[in-house]
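A quick write-up on the structure given underneath.
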Amino acid sequence: MFKLIIATALALGLATAAPAQENETLRVGMSGGYFPFTFVRQDELQGFEVDVMNAVGAEAGLDIAYETMSFSGLIGALQAGRIDTIANQITITPEREAAFVFTQPYVIDGAQVVTREGNDEIGGVDDLKGKTVAVNLGSNFEQLLRDLPFADEIDIKTYESNIEQDTALGRVDAFVMDRVSSAQVIAKSPLPLQLAGPPFSEIHNALPFRDDEAGRALRDRVDAALTTLRENGTLTEISQKWFGSDITTPAG
């Protein structure tokens, strides 16, 4: 398990001769395998999520301790109290709202169909009838597909990995991921892939916390930091660094 603690004082570049008061630690879970949001390069955990959480820690006076694990294990780790929140593009859904309390959304995105390059049969979500479609295990995209009026005509497969490769090789007809990540995968991967039509559902991603007194207090503290980071332009700056556009506000 990859662990990293970022001291807020170091992030701010502050130094003092007097002993500093010890900050509370916020334990943040992420997969470390979801480029460009959270990934490891040269033994360094980095990405959009890491920059956002480092900025939150600096603003809220929290030390950030990162814990990486498989994406499918993150929710269970939060429920069990092994981590305090998840920074891994967790979409707000009714089921998750019933179990957790969320900060304000800090990414506004859309569900996107991706196909093998040159596949003219699928031009968007309406063309998924009768097709085999892959989604990442533990993501909300399976439910989005099952909510479609023709869901019983889609063969949905869940994947832990190789979702892009199997689509490029024709083992599945398409996969569904958020549009921002899909565009990044296509830009960085040598695999022959293409976006198929526009996003078919707007999704709001936020930070979940346990719905108890301590969890709600941490949520409020982090949410206040996000508000400041939104107002002073830091969220936009981080987004521009990783995506060349602002994914932290609604499109248009």
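When a residue number appears, it is its place in the shown sequence, counting from 1. Since the model is a prediction, treat every value here as computed from it, not as a measurement.
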Go through I247 and D109 one step at a time and tell me if the side-chain contact (heavy atoms from CB on, under 4.5 Å) criterion holds. CA-CA 7 Å; I247 67 169; D109 200 354; over 6 Å; no
Where do I86 and V28 land on the side-chain contact (heavy atoms from CB on, under 4.5 Å) test, with the steps shown first? CA-CA 6 Å; I86 304 169; V28 179; over 6 Å; no
Would you check, one step at a time, whether the test side-chain contact (heavy atoms from CB on, under 4.5 Å) holds for Q194 with N119? CA-CA 8 Å; Q194 65 185 16; N119 184 344; 4.3 Å; yes
One pair to check against side-chain contact (heavy atoms from CB on, under 4.5 Å): V176 and L144. What are the steps and the verdict? CA-CA 10 Å; V176 174; L144 288 178; 6.0 Å; no
Show, in sequence, the C-alpha distance, side-chain angles and deciding distance for E142 and R146, and conclude whether the salt bridge (Lys or Arg N to Asp or Glu O under 4.0 Å) test is met. CA-CA 6 Å; E142 179 179 1; R146 295 198 187 282; 2.8 Å; yes
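The nearest pair of heavy atoms linking A87 to M53 is CB-CG, 3.7 Å. Shown here for L45 and G32, the closest heavy-atom pair between the two residues is CD1-CA, 4.0 Å. Nearest approach of L74 to G29, heavy atoms of both residues: CD2-C, 3.7 Å. When all heavy atoms of A206 and P105 are compared, the pair lying nearest together is CB-CA, 3.9 Å.
Hydrophobic clustering (ILVMFWY, side-chain heavy atoms < 4.5 Å, transitive): I64 and F39 are in one cluster. There is a path of hydrophobic side-chain contacts, each under 4.5 Å, that joins L195 to L193. The cluster map of Ile, Leu, Val, Met, Phe, Trp and Tyr, joined by side-chain heavy atoms under 4.5 Å apart, puts I92 and I90 in the same cluster. Both V107 and M177 are part of a single hydrophobic cluster, where members link through side-chain heavy atoms under 4.5 Å apart. F141 and F175 end up in different hydrophobic clusters when Ile, Leu, Val, Met, Phe, Trp and Tyr side chains are linked at under 4.5 Å.
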Name every donor-acceptor pair, under 3.5 Å, that has one atom in a side chain of residues 148-163 and the other anywhere in the protein, sequence neighbours excluded.
{"residue": "Y159", "atom": "OH", "partner": "D166", "partner atom": "OD2", "Å": "2.7"}
{"residue": "E160", "atom": "OE2", "partner": "S72", "partner atom": "OG", "Å": "3.2"}

Would you tabulate the side-chain donor-acceptor contacts of residues 130-137 under 3.5 Å, counting partners in other chains and residues two or more places apart, or write 'none'?
none

Side chains of residues 211-226: which donor-acceptor partners sit under 3.5 Å, not counting sequence neighbours?
{"residue": "D211", "atom": "OD1", "partner": "R216", "partner atom": "NH1", "Å": "2.8"}
{"residue": "D212", "atom": "OD1", "partner": "A214", "partner atom": "N", "Å": "3.4"}
{"residue": "D212", "atom": "OD1", "partner": "G215", "partner atom": "N", "Å": "2.6"}
{"residue": "R216", "atom": "NH1", "partner": "D211", "partner atom": "O", "Å": "3.4"}
{"residue": "R219", "atom": "NH1", "partner": "F102", "partner atom": "O", "Å": "3.3"}
{"residue": "R221", "atom": "NE", "partner": "A60", "partner atom": "O", "Å": "3.2"}
{"residue": "R221", "atom": "NH1", "partner": "E24", "partner atom": "OE1", "Å": "2.9"}
{"residue": "R221", "atom": "NH2", "partner": "A60", "partner atom": "O", "Å": "3.2"}
{"residue": "R221", "atom": "NH2", "partner": "G61", "partner atom": "O", "Å": "3.3"}
{"residue": "D223", "atom": "OD1", "partner": "Q104", "partner atom": "N", "Å": "2.7"}
{"residue": "D223", "atom": "OD1", "partner": "Q104", "partner atom": "NE2", "Å": "3.2"}

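Using modelled atom types, one finds a donor on one side chain and an acceptor on the other under 3.5 Å when comparing T91 with N205. Remark: the E49 side chain and the T38 side chain contain no N/O donor-acceptor pair separated by less than 3.5 Å.
Taking CD of E67 as the reference point, atom OG of S31 lies at 14.0 Å (rounded to 0.5 Å). Note that the OG1 atom of T25 and the CG atom of L62 stand 8.0 Å from one another [nearest 0.5 Å]. Atoms CG and OG1, from D246 and T236 in turn, are 3.5 Å apart once rounded to the nearest 0.5 Å. In this structure, the separation between CG on N54 and OG1 on T234 is 12.5 Å, given to the nearest 0.5 Å. Atom-to-atom distance recorded for R179:CZ and I203:CD1 is 12.0 Å, nearest 0.5 angstrom. Rounded to the nearest 0.5 Å, atoms CE (M69) and CG (N88) are 10.0 Å apart.
Considering only heavy atoms from C-beta on, F35 stays 4.5 Å or farther from F48 through its side chain. Side-chain contact between I186 and V114 is present, with at least one heavy-atom pair separated by less than 4.5 Å. Looking only at side-chain heavy atoms (C-beta outward), L26 and D63 stay at 4.5 Å or farther from each other. A 4.5 Å side-chain heavy-atom check between I75 and F100 finds at least one atom pair inside the cut-off. At a threshold of 4.5 Å between non-hydrogen side-chain atoms, the residues P208 and L78 count as touching. Side-chain contact between Q165 and T167 is absent, with no heavy atoms from C-beta onward closer than 4.5 Å. Two residues are said to be in side-chain contact when any heavy atoms from C-beta on lie closer than 4.5 Å; F200 and Q112 fail this criterion. When side chains are defined from C-beta on, L128 counts as touching L145, because their heavy atoms get closer than 4.5 Å.
At distances below 3.5 Å, at least one donor-acceptor pair connects side-chain atoms of Y66 with backbone N or O atoms of V50.
Atom CD of E121 is surrounded by 12 or fewer heavy atoms from other residues, nucleotides or ligands within 6.0 Å. Applying the 6.0 Å contact sphere to CG of D147 captures more than 12 heavy atoms from other residues, nucleotides or ligands.
Results of the side-chain contact (heavy atoms from CB on, under 4.5 Å) test with D51 over L235, I238, V56 single out I238 as the only residue that passes.
For Y34, the ring-ring contact (aromatic ring centres under 6.0 Å, His included) partners at least two apart in sequence or on another chain are F37.
Contacts classified as salt bridge (charged side-chain N to carboxylate O under 4.0 Å, His left out) and involving residues 74-102 (residues at least two apart or in different chains) are given here: R27-D84, D84-R210. Sorted by first then second residue, the ring pair (Phe, Tyr, Trp, His ring centres under 6.0 Å) pairs that include residues 206-239, not counting sequence neighbours, number zero.
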